[in-house]
2 protein chains.
Amino acid sequence: MSQTDTVSRILDAAEVLFAERGFTETSLRTITSTAGVNLAAVNYHFGSKKELIQAVFERFLTPFTGALEAELDRRIASGQPLRVEGLLESLYRVGLGGLRARGLDPQRFMRLLGLAYTQFQGHLRRFIVSRYGESYRRFAGLLAEALPGVDPVTFYWRLYFMLGATIFTLSSYDAIEAILKEDFGAQSSLSETLERLVPAASAMLKVEVG
Amino acid sequence: MSQTDTVSRILDAAEVLFAERGFTETSLRTITSTAGVNLAAVNYHFGSKKELIQAVFERFLTPFTGALEAELDRRIASGQPLRVEGLLESLYRVGLGGLRARGLDPQRFMRLLGLAYTQFQGHLRRFIVSRYGESYRRFAGLLAEALPGVDPVTFYWRLYFMLGATIFTLSSYDAIEAILKEDFGAQSSLSETLERLVPAASAMLKVEVG
DNA sequence: CACCATTTAAAACAGCTGTTTAACTCTGGC
DNA sequence: GCCAGAGTTAAACAGCTGTTTTAAATGGTG
C-alpha cells in the first residue's frame, strides 16, 4: 500500500466517522480499523489526532474557498452590481456543486462545519480562522457592500444569524428532511432547500426596522 | 450535607461544565470535584451520566416551557390576533426573563440547547422530544397560523432556519460579542441582540417569493 | 543485486473513563 | 438508646483512550 493510499484512506474514514459521531466520540482505533490500516499510521502520517482533524478540514475547505474566490472573481469581472441574492447563490452553488465536482459530499461538509463551530476544539477554530479567514472576510465585505443601508454592527449580527440558519439547517438536513417527509410526505432535495434559503436569508439581511 | 444539597450541587457544577466543554469532554470526576462531593454520588443519585445530562436539561426546560405555555395562554386570552413578531418576542422574553427570574442563566441555557442539537447524544434528543415536544408543537402551530400565506413545507423549513439562527447565535453569543467589541468597540447586550433577532427572523419567516 | 530511507506492524505504555463494591457515618422513628 | 435505612466514602474494577517503542517489511535508487 503506497503512502498516499494510507493517508487518503485514513482521511476518508475519519471524514465519515467524524461527521457521524463527532471528534471526541470517534477513536483512532475505529478510524484505522474501518480504513484498514494500522493504528500507528495516524500518528506517523499526521502527528496527532488534532492534526488529523485539521487535515480533514483542510481537504474540504481548500477546494471550497478556492472555488468561492473564483466565483467571486467571476461575478466582479462581469461588471454587474453585486446583489445579496446573487452572493448567497454563489456561496451555496459553490458549496454544493463545487464540492461535488471534486468528489466531496456537501452534506458531510456542512455537518463538519457545524461541528467545528459547536464542538470544543479550540485548535480547530484557530486553524480555520488563520487559514481561511481571508476568504471569509472578503465574502462578508462584498455582502456588506450590497447592503448599504444596514449599519455595520447590525450587519454583522445578521451575518451570524444567516450563518446559523445555514449551518444549523444543513448540518441537520437528513433529520429535518425525514421529519418533513413523515409529516407531509414531501420529498425534498438539498438544492431545493438552498433555493428556499436564499430568499429567506436575503430577507433577513435586508429587512428595514421601523 | 443534606441530599438536596448534594443533588443540586452536582447539577450546578454539571450545568456550568457541560456548557463550557460539552458532555463527552466533561468527566464525572471533574463534576464531582468542582461540586465538592464524592465521585459515586452521581451514580447514586442519578443512576448514570446520561441521566445526569437529562436532569440538567430537565431543570432548564421545565420552567422554560412552563413559562412559555403561560405566556401563550396570556396572549391568546387577550383576544388580539397573534402576530409573528409578538410570538417571537414571547419566546425570547420567556427565555431571557423567565429563566433569569428563576435564577437560571439564559446564555448557559442556549449553549446547552445548542449542544443538545449538535452533540451526538441520541438519548438526549429522544428525552427532549418526548418530554417537551408538545410545547414545541403548540408554539409552531400558533406561528404557522400567523403566517397564512406560507405553505406548510416552506414554513417548516423556515422554522428551522429561525431556530438555527437563534440557537447558533445565542450559543456563541460571548464569542461573537467579543469579536464585534474588538472590531467596532460596540458593547452590546443579550437583550439588544434579541431585539435585532425579532425583526430579522420575522422577515425571514414572512418573505414572499416571486 | 544490495543499500537505505520510508512505511507498516504488533505490542506495550501511562492515563483516564464510567461504574460498582463494600465499609462506613449519619439521621429520623420507635 | 437503639436500630433500620439513607447517604457518603475510598478503593478497586474493567475497558478504552492517544501515543510511543521496537522490530520487521517494503520499495525505489545507485
Side-chain angles (χ1 to χ4, degrees), chain A residues 1-58 112 115-116 119-127, chain B residues 1-58 112 115-116 119-127:
Chain A
M1 202 181 295
S2 71
Q3 173 185 359
T4 49
D5 242 42
T6 302
V7 168
S8 66
R9 285 169 67 95
I10 292 173
L11 285 173
D12 288 343
E15 183 184 300
V16 172
L17 291 166
F18 285 154
E20 270 175 9
R21 324 180 180 182
F23 307 119
T24 322
E25 294 82 355
T26 304
S27 73
L28 292 183
R29 280 167 182 80
T30 310
I31 294 171
T32 51
S33 69
T34 66
V37 303
N38 188 269
L39 168 62
V42 169
N43 289 283
Y44 178 77
H45 288 288
F46 297 93
S48 67
K49 189 180 181 181
K50 284 186 181 184
E51 287 165 287
L52 169 62
I53 295 174
Q54 294 175 4
V56 168
F57 275 85
E58 190 169 22
L112 290 172
L115 291 186
Q119 301 246 54
F120 301 83
Q121 304 274 341
H123 69 95
L124 184 54
R125 213 182 265 236
R126 268 174 270 129
F127 171 79
Chain B
M1 201 181 296
S2 71
Q3 174 186 357
T4 48
D5 242 42
T6 302
V7 167
S8 67
R9 286 168 66 95
I10 292 173
L11 285 173
D12 289 344
E15 183 184 301
V16 172
L17 291 166
F18 285 155
E20 271 175 8
R21 324 179 181 183
F23 307 120
T24 321
E25 294 83 354
T26 305
S27 73
L28 292 182
R29 280 168 182 80
T30 310
I31 294 170
T32 50
S33 70
T34 66
V37 305
N38 187 270
L39 168 62
V42 169
N43 289 282
Y44 179 77
H45 288 287
F46 297 93
S48 66
K49 189 181 181 181
K50 284 186 181 184
E51 288 165 287
L52 169 61
I53 295 174
Q54 294 176 4
V56 168
F57 275 85
E58 191 169 20
L112 290 172
L115 291 186
Q119 299 247 46
F120 300 84
Q121 304 273 341
H123 70 97
L124 183 54
R125 213 183 264 236
R126 266 173 271 130
F127 172 80

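Every chain is numbered from 1, with letters handed out A, B, ... down the list of sequences. Every heavy atom of this structure was used, including side-chain atoms; hydrogens, water molecules and symmetry mates were not.
One interatomic measurement links the two molecules: CG of A:N38 to C1' of D:dT20, which rounds to 12 Å at whole-angstrom precision. Per the geometry, CZ belonging to B:F46 stands 14 Å off C1' belonging to D:dG7, to the nearest Å.
B:E58 pairs by the salt bridge (charged side-chain N to carboxylate O under 4.0 Å, His left out) definition with B:R131, not counting sequence neighbours.
Looking at A:L52 and A:L11, their side chains come closer than 4.5 Å, going by heavy atoms from C-beta outward. Residues B:L39 and B:I31 are not in side-chain contact: their nearest non-hydrogen atoms beyond the backbone lie 4.5 Å or more apart.
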Set out, line by line, the N/O atom pairs under 3.5 Å between protein and nucleotides 17-21 of chain C.
unit_1: C:dT17; atom_1: OP1; unit_2: B:S27; atom_2: OG; d: 3.3
unit_1: C:dG18; atom_1: OP1; unit_2: B:K49; atom_2: NZ; d: 2.7
unit_1: C:dG18; atom_1: OP2; unit_2: B:L28; atom_2: N; d: 2.9
unit_1: C:dG18; atom_1: N7; unit_2: B:R29; atom_2: NH1; d: 2.8
unit_1: C:dG18; atom_1: O6; unit_2: B:R29; atom_2: NH2; d: 2.8
unit_1: C:dT19; atom_1: OP2; unit_2: B:N43; atom_2: OD1; d: 3.2
unit_1: C:dT19; atom_1: OP2; unit_2: B:K49; atom_2: N; d: 3.0

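By the 30° and 60° cut-offs, the orientation of the rings of A:F23 relative to A:F57 is tilted.
OP1 or OP2 of C:dT6 has not a single side-chain nitrogen or oxygen of A:H45 nearer than 4.0 Å.
Under the 3.5 Å distance criterion, the side-chain polar atoms of B:T30 are left unmatched by any main-chain donor or acceptor of B:T26.
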